[in-house]
Novice: 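One structure is given below, represented as structure tokens, and several questions about it will come after.
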Amino acid sequence: MRKRVLYEVGALLLLCLALSGCSGAELLEQVPRDLVMTNREAEANEREPGGQEDSGGPKEDSGAGTPSETRAPDPEQSFLCEGAFEYARQSLDQPGQQWYDDMKRILGGFGTGERLSAQGLQAGYNEADIDRIFQCVLNDHPELFYVEGYSYTKYTRGDHTTAIEFSGTYNVDQETARTRAEQIETAVSDILSGIDANADQYTRVKYVYDTIISTTDYRLDAPDNQNIYSVFVNHLSVCQGYAKATQYLLGRLGVECTLVLGSVETGEGHAWNLVRVDGSFYYVDTTWGDASYRMEDSGRDGSISMPEINYDYLNVTTAELLKTHSLGDGVPMPACVATEANYYSREGALFSGYDREQMKALFARAREQGRDDVTVKCTDKDSYSQVVSALIDGQEIFDYLDGGGSTVAYAQNENQLSLTFWVTNE
């Protein structure tokens, strides 16, 4: 009789402790902002901003319908991608959108010393609004990988602000940025070649999730870790790099996605994504799906490796997200309530009780796909208790996943009501 060993690697509830590694400015840096000059008197012959003609900004996009794929930037002209999903821009009023468009144009062209529209001044905008709108631009445009911060000069006449000149600050020179943009495009083109052009939106999101996790290691000291260069070229990053790379790839694949800034339950800053799949919004946290960020040195005699990818944060609702995350107060987020594109719903891995036929089908699909790990999720605590009792206490897991004399390991996430099983020879 073959020996069958069911070994608990550890509770994935510890994930929350491991993820407190998102602490400190190293992981989610505050973008530097510098006020160059606060009280330069306007020259007597300078035309008042109020006399400048307002060109107006693009109309707000409702986001309805099927998004088009974004086009890669042409760094010889501008580093901006055409057709980007400008979710943060949509949260601004018309004067704010005008300043947004001004900043986007300036940053996309490596600009310095260019005036923001007089419309913002006429609307009563001030220095705090510059900071807020600048962050909106960065939230929507991960292709601005070379932007480090900004500075501005305020012109005044008495107590009246007559003009504001805005400049981007950059972490590399323009020639280096062009070279890096080409390196990024080479890597991205290779990634995009690996997915069927006719894939549905769920499949595109899962493909990006899997690909970034499989090709990137979480590293606190990774260079350029706040931008997409760290992921696509160096393959080492932290949460903001993961999130921006996810956003960039999904934009190229025609899936609406934006950056979300907030914190985890321990209070440290964190970054993840909001996506729209088949018309409904969901949250995606690629960083929290990466085993290199989750748990190290588990097991009795050294380390027992865990499956590379965890799907607890692939297309989740607001309610699920808020169990471990807190939303920042910058850009308002929608209520994410749909579940159709959630990983567990789509993959037949969501259980409302212990259903042997559903479990058998789930493990059969895993074998067909060549996988030796399976995760199940339950809709409530009672269902979770039923599944734990049957698969672990009753060891019925061996009816579905045969270790062939080796160890079948498992990990629990009581917070997300999920269980992961896999075969290991360790």
Side-chain angles (χ1 to χ4, degrees), residues 25 29-61 73 77-80 84 86-174 177 226-227 258-259 261 328-332:
E29 293 180 352
Q30 181 78 7
V31 176
R33 290 92 168 175
D34 299 301
L35 178 60
V36 172
M37 191 171 298
T38 60
N39 193 28
R40 173 177 284 181
E41 291 291 337
E43 296 179 3
N45 61 355
E46 181 180 23
R47 187 167 73 170
E48 288 286 341
Q52 296 175 359
E53 181 179 354
D54 174 25
S55 60
K59 293 183 178 179
E60 180 175 334
D61 181 4
Q77 302 298 324
S78 171
F79 289 86
L80 293 168
E86 295 184 333
Y87 179 87
R89 182 183 184 277
Q90 296 175 20
S91 70
L92 302 172
D93 60 14
Q94 205 282 326
Q97 290 183 8
Q98 181 61 59
W99 270 19
Y100 175 107
D101 294 339
D102 292 340
M103 293 181 196
K104 179 180 72 171
R105 172 181 50 78
I106 294 166
L107 296 171
F110 244 81
T112 59
E114 299 187 38
R115 290 197 174 188
L116 299 179
S117 168
Q119 186 178 7
L121 296 177
Q122 294 166 352
Y125 279 9
N126 56 33
E127 291 88 337
D129 296 299
I130 298 175
D131 192 71
R132 175 176 61 92
I133 296 169
F134 171 79
Q135 187 60 60
C136 286
V137 175
L138 293 194
N139 282 9
D140 288 343
H141 290 277
E143 69 271 26
L144 298 175
F145 62 90
Y146 51 86
V147 175
E148 186 173 61
Y150 70 83
S151 63
Y152 65 93
T153 302
K154 182 172 70 172
Y155 293 84
T156 63
R157 179 172 287 123
D159 294 331
H160 177 61
T161 300
T162 61
I164 291 178
E165 284 184 355
F166 180 88
S167 298
T169 58
Y170 310 109
N171 55 31
V172 293
D173 60 41
Q174 192 165 3
Q226 302 296 306
N227 64 64
T258 192
L259 183 74
L261 300 177
D329 57 4
V331 178

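All values derive from a computational prediction rather than experimental measurement.
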Novice: Flag this pair as yes if the NZ/CZ of R105 is under 6.0 angstrom from the six-membered ring centre of Y100 and inside a 45 degree cone about the axis; otherwise no.
Specialist: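 No.
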Novice: CD/E143 to CZ/F79 distance, rounded to the nearest 0.5 angstrom?
Specialist: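 One finds 11.0 Å between CD of E143 and CZ of F79.
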Novice: With R115 as the cation and Y155 as the aromatic partner, state whether NZ or CZ is under 6.0 Å from the six-membered ring centre and within 45° of the axis.
Specialist: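 Yes.
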Novice: What residues, two or more places apart in sequence or in another chain, satisfy side-chain hydrogen bond (donor to acceptor under 3.5 Å, both in side chains) together with Y170?
Specialist: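 Partners of Y170 under the side-chain hydrogen bond (donor to acceptor under 3.5 Å, both in side chains) test: none.
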Novice: Rounded to the nearest 0.5 Å, how far does OG1 of T258 lie from NE2 of H141?
Specialist: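 Rounded to the nearest 0.5 Å, the NE2-OG1 separation comes out at 9.0 Å.
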Novice: Using 0.5 Å steps for rounding, measure from the CD1 atom of I133 to the OH atom of Y125.
Specialist: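 Taking CD1 in I133 and OH in Y125, the distance rounds to 5.0 Å.
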Novice: Look only at the side chain of T161 and the backbone of A163, and say whether a donor-acceptor pair between them is shorter than 3.5 Å.
Specialist: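 Flag not set: sc T161 to bb A163 has no pair under 3.5 Å.
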Novice: Side chain of T169, backbone of Y150: donor and acceptor closer than 3.5 Å?
Specialist: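 Flag set: sc T169 to bb Y150 pair under 3.5 Å.
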Novice: How about D131 and Q135: does a side-chain donor come under 3.5 Å of a side-chain acceptor?
Specialist: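 No, no side-chain donor-acceptor contact under 3.5 Å.
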Novice: Is it the case that atom CG in D93 sees more than 12 heavy atoms from other parts of the structure closer than 6.0 Å?
Specialist: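 Yes - once you tally the heavy atoms of other residues, nucleotides and ligands closer than 6.0 Å, there are more than 12.
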Novice: How close do Q97 and L92 get, heavy atom to heavy atom, and via which atoms?
Specialist: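 The pair with the smallest heavy-atom distance is NE2-O, 3.2 Å.
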Novice: Run the ring-centre check on Y152 versus F166 and record whether the distance is less than 6.0 Å.
Specialist: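 Y152 vs F166: aromatic centres not under 6.0 Å.
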Novice: Between atom CD of E114 and atom CD1 of I106, what is the distance when rounded to the nearest 0.5 Å?
Specialist: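 Interatomic distance, E114 CD to I106 CD1, rounded to 0.5 Å: 4.5 Å.
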Novice: Atom CD of Q122 and atom CD of Q98: how far apart are they, to the nearest 0.5 Å?
Specialist: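 Interatomic distance, Q122 CD to Q98 CD, rounded to 0.5 Å: 10.5 Å.
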Novice: Would you say L107 and F134 make side-chain contact, with heavy atoms under 4.5 Å?
Specialist: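 Yes, close enough: below the 4.5 Å cut-off.
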Novice: Checking W99 side chain against S117 main chain: does a donor-acceptor pair fall under 3.5 Å?
Specialist: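 Here the side-chain-to-backbone pair exists.
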Novice: Could you state the interatomic distance from CE (M103) to CG (L144), rounded to the nearest 0.5 Å?
Specialist: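 Interatomic distance, M103 CE to L144 CG, rounded to 0.5 Å: 12.5 Å.
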Novice: Give me the atom names and distance for the closest heavy-atom approach of S78 to G108.
Specialist: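 Between these two residues, the closest heavy atoms are OG-O, 3.4 Å.
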Novice: Please list, chain by chain and in numerical order, all residues satisfying side-chain hydrogen bond (donor to acceptor under 3.5 Å, both in side chains) with N126, sequence neighbours excluded.
Specialist: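 If we apply the side-chain hydrogen bond (donor to acceptor under 3.5 Å, both in side chains) test to N126, skipping adjacent residues, there are no hits.
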Novice: Only counting residues at least two apart or in another chain, list the ones meeting side chain to side chain contact (heavy atoms under 4.5 Å, CB included) with A88.
Specialist: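 For A88, the residues satisfying side chain to side chain contact (heavy atoms under 4.5 Å, CB included) (neighbours in sequence not counted) are C136, N139, D140, V331.
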Novice: Could you check whether N227 and Y146, counting side-chain N and O atoms only, form a donor-acceptor pair closer than 3.5 Å?
Specialist: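 Result is no, nothing qualifies.
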Novice: If you measure from the Lys or Arg side-chain nitrogens to the Asp or Glu carboxylate oxygens, is any gap between K154 and E165 under 4.0 Å?
Specialist: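 Salt bridge absent between K154 and E165.
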Novice: Where do P95 and G120 come nearest, in terms of heavy atoms and distance?
Specialist: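 That would be CB-CA, 4.3 Å.
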